[in-house]
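I have placed the structure first, in the form of structure tokens, so that the comments after it can refer back to it.
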Amino acid sequence: LVSLFNPKGGVGKTMVATNLCAMLVHKGQRVLLIDADTVTGHVSISLGMEGVPTVVDAWRDELEGGPVVPFFDLASAHPSGLRVLPLSSSPIQTEILDPDRVAKAIAVARRSVDFVIVDLHPSYSALNRVVLDKSERILVPVTPDLPAIRAVMKLGDVAAELGMRDRMSLVVNRFNSGVPTEDIEKSVGIAAYAQIRSAGPVIVKAANEGRTLVGIAPRDAITGDFEILADRLLGLDAAQPAKAGFKLFGRTMAVRT
């Protein structure tokens, strides 16, 4: 169970989530992507999926005598092979999403797949906290600009209080367009797990076509960045010493886990 979380929006959280999931599927993994951003979530839209069932709809049906549908069965299949499940299609009337019930349903779904990836809303809501508490790894997308870095610095303090700091790792998005990754690590005190380069046109093209980077641009450099990230989650980097670090201004920088 891997969550993507940052208390600041606009850092590419959903872009990282969708393309990481697609790369894991490409590598033969069974993946369920849960859009738990009940306010601004747009996973299904980014993947060109409209009218997909949501947890809110299913649980309302239950109240009216409908069947109990597990998360895995409720999820919709994307052409890439990824299964996608939004918690809600609207920020209104989400009170039915009891945090403990959501967490238990995710735990059940975890038995049917290799990875459950959860894209969380940028807040410290009760729902977010219970999912973060159950997550085995928390990826924190951050962009190399001061507002985003300061937000992660504050997150680090909150994470220590909540007992989840040791499960957090940075994913530096657009790493080649601002503050160096090494300086970000030093500032926030959290290790960089991966770097994703800037690639605006291809990302926009993929989103406009409802596709993923591995599907639309398998040979592009940014797609290779996602392959490295997926390999790290799969534990494959241990067998590939060349991927144990990344180049920064001509020298190799160790990646701490």
Side-chain angles (χ1 to χ4, degrees), residues 1-5 11-59 61 69-90 97 102 105-121 131 135 137 139 141 171 173 194 196 199-220 222-234:
L1 174 58
V2 180
S3 291
L4 284 92
F5 177 71
V11 295
K13 182 169 52 65
T14 296
M15 186 278 292
V16 172
T18 53
N19 286 290
L20 169 60
C21 288
M23 181 58 73
L24 288 169
V25 170
H26 181 69
K27 288 178 171 289
Q29 302 298 299
R30 298 165 300 165
V31 182
L32 171 62
L33 172 55
I34 297 177
D35 187 352
D37 187 340
T38 59
V39 179
T40 58
H42 54 273
V43 166
S44 56
I45 294 175
S46 297
L47 292 172
M49 304 170 70
E50 298 184 4
V52 298
T54 70
V55 173
V56 166
D57 293 337
W59 286 3
D61 287 344
V69 184
F71 274 15
F72 180 82
D73 295 334
L74 184 60
S76 300
H78 185 262
S80 66
L82 170 66
R83 298 187 70 85
V84 178
L85 178 61
L87 292 189
S88 176
S89 59
S90 168
L97 294 173
V102 170
I106 290 175
V108 172
R110 175 66 183 85
R111 303 170 194 163
S112 301
V113 295
D114 299 300
F115 285 91
V116 174
I117 308 290
V118 186
D119 185 4
L120 292 168
H121 177 66
V131 174
S135 299
R137 183 173 292 279
L139 298 181
V171 175
N173 186 28
I196 308 297
V202 70
I203 289 173
V204 171
K205 179 177 173 62
N208 286 343
E209 296 184 10
R211 301 172 66 187
T212 61
L213 292 171
V214 70
I216 200 171
R219 298 179 182 274
D220 200 280
I222 188 174
T223 307
D225 294 338
F226 278 103
E227 182 172 16
I228 292 173
L229 174 54
D231 283 348
R232 292 217 67 188
L233 285 178
L234 292 169

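Side-chain atoms of Asp114 never come within 3.5 Å of backbone atoms of Gln29 as a donor-acceptor pair (strictly under, hydrogens ignored). Judged by distance alone, the side chain of His78 and the main-chain N or O of Gly210 form a donor-acceptor pair under 3.5 Å. Of the possible polar contacts, none joining the Thr223 side chain to the Arg219 backbone as a donor-acceptor pair under 3.5 Å is found. Listed for the Arg110 side chain is no donor-acceptor partner under 3.5 Å among the backbone atoms of Val116.
Of the options Leu97, Asp35, Thr38, Val69, a side chain to side chain contact (heavy atoms under 4.5 Å, CB included) to Val55 is made by Leu97 and by none of the others.
Gly12 and Asn173 get closest at one heavy-atom pair: CA-ND2, 3.7 Å. When all heavy atoms are compared, the tightest approach of Phe226 to Met15 is CZ-SD, 3.6 Å. The shortest heavy-atom contact between Leu32 and Ala109 is CD2-CB, 3.7 Å. Heavy atoms only, all atoms of each residue included: Leu4 and Lys13 are closest at O-CD, 3.4 Å. Taking both residues in full, the closest heavy atoms of Ala217 and Val202 are given as CB-CG2, 3.7 Å, listed atom of the first, atom of the second, then distance. Listed here is the closest heavy atom pair of Val11 and Pro141: CG2-O, 3.5 Å.
The line from CG of Leu85 to OG of Ser76 is 7.5 Å long, rounded to the nearest 0.5 Å. With rounding to the nearest 0.5 Å, the separation of CG in Asp119 from CG in Leu139 is 11.0 Å. Here the CG-CD distance, from Leu20 to Glu227, works out to 12.0 Å after rounding to the nearest 0.5 Å. Expressed to the nearest 0.5 Å, how far OG of Ser80 lies from CD1 of Ile216 amounts to 12.5 Å. Taking CD1 from Ile117 and OG1 from Thr18, the interatomic distance works out to 11.0 Å, rounded to the nearest 0.5 Å. In this structure, CZ in Phe71 is found 13.0 Å from CZ in Arg83, a value given to the nearest 0.5 Å.
When the shell of 6.0 Å around NE2 of His26 is examined, it contains 12 or fewer heavy atoms from other residues, nucleotides or ligands.
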Run the side-chain donor-acceptor check on residues 42-54: report pairs under 3.5 Å with partners two or more places apart or on a different chain.
unit_1, atom_1, unit_2, atom_2, d
His42, ND1, Thr40, O, 3.1
Ser46, OG, His42, O, 2.9
Thr54, OG1, Asp57, N, 3.1
Thr54, OG1, Asp57, OD2, 3.0

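For residues 206-216, the pairs satisfying side chain to side chain donor-acceptor pair (under 3.5 Å) are Lys205-Glu209, Glu209-Arg211, with sequence neighbours left out.
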- Task: Start with the C-alpha distance between Trp59 and Leu74, add both sets of side-chain angles, then the distance that settles side-chain contact (heavy atoms from CB on, under 4.5 Å), and finish with yes or no.
- Result: CA-CA 11 Å; Trp59 286 3; Leu74 184 60; 6.0 Å; no
- Message: Set out, in order, the CA-CA distance, both residues' side-chain angles and the distance that settles side-chain contact (heavy atoms from CB on, under 4.5 Å) for Ile196 and Ile222, then state yes or no.
- Response: CA-CA 6 Å; Ile196 308 297; Ile222 188 174; 3.7 Å; yes
- Query: Stepwise, does the side-chain contact (heavy atoms from CB on, under 4.5 Å) test hold for Ile106 with Leu1?
  - Reply: CA-CA 9 Å; Ile106 290 175; Leu1 174 58; 3.9 Å; yes
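Residues forming a salt bridge (charged side-chain N to carboxylate O under 4.0 Å, His left out) with Asp37 (at least two apart in sequence, or on another chain): none.
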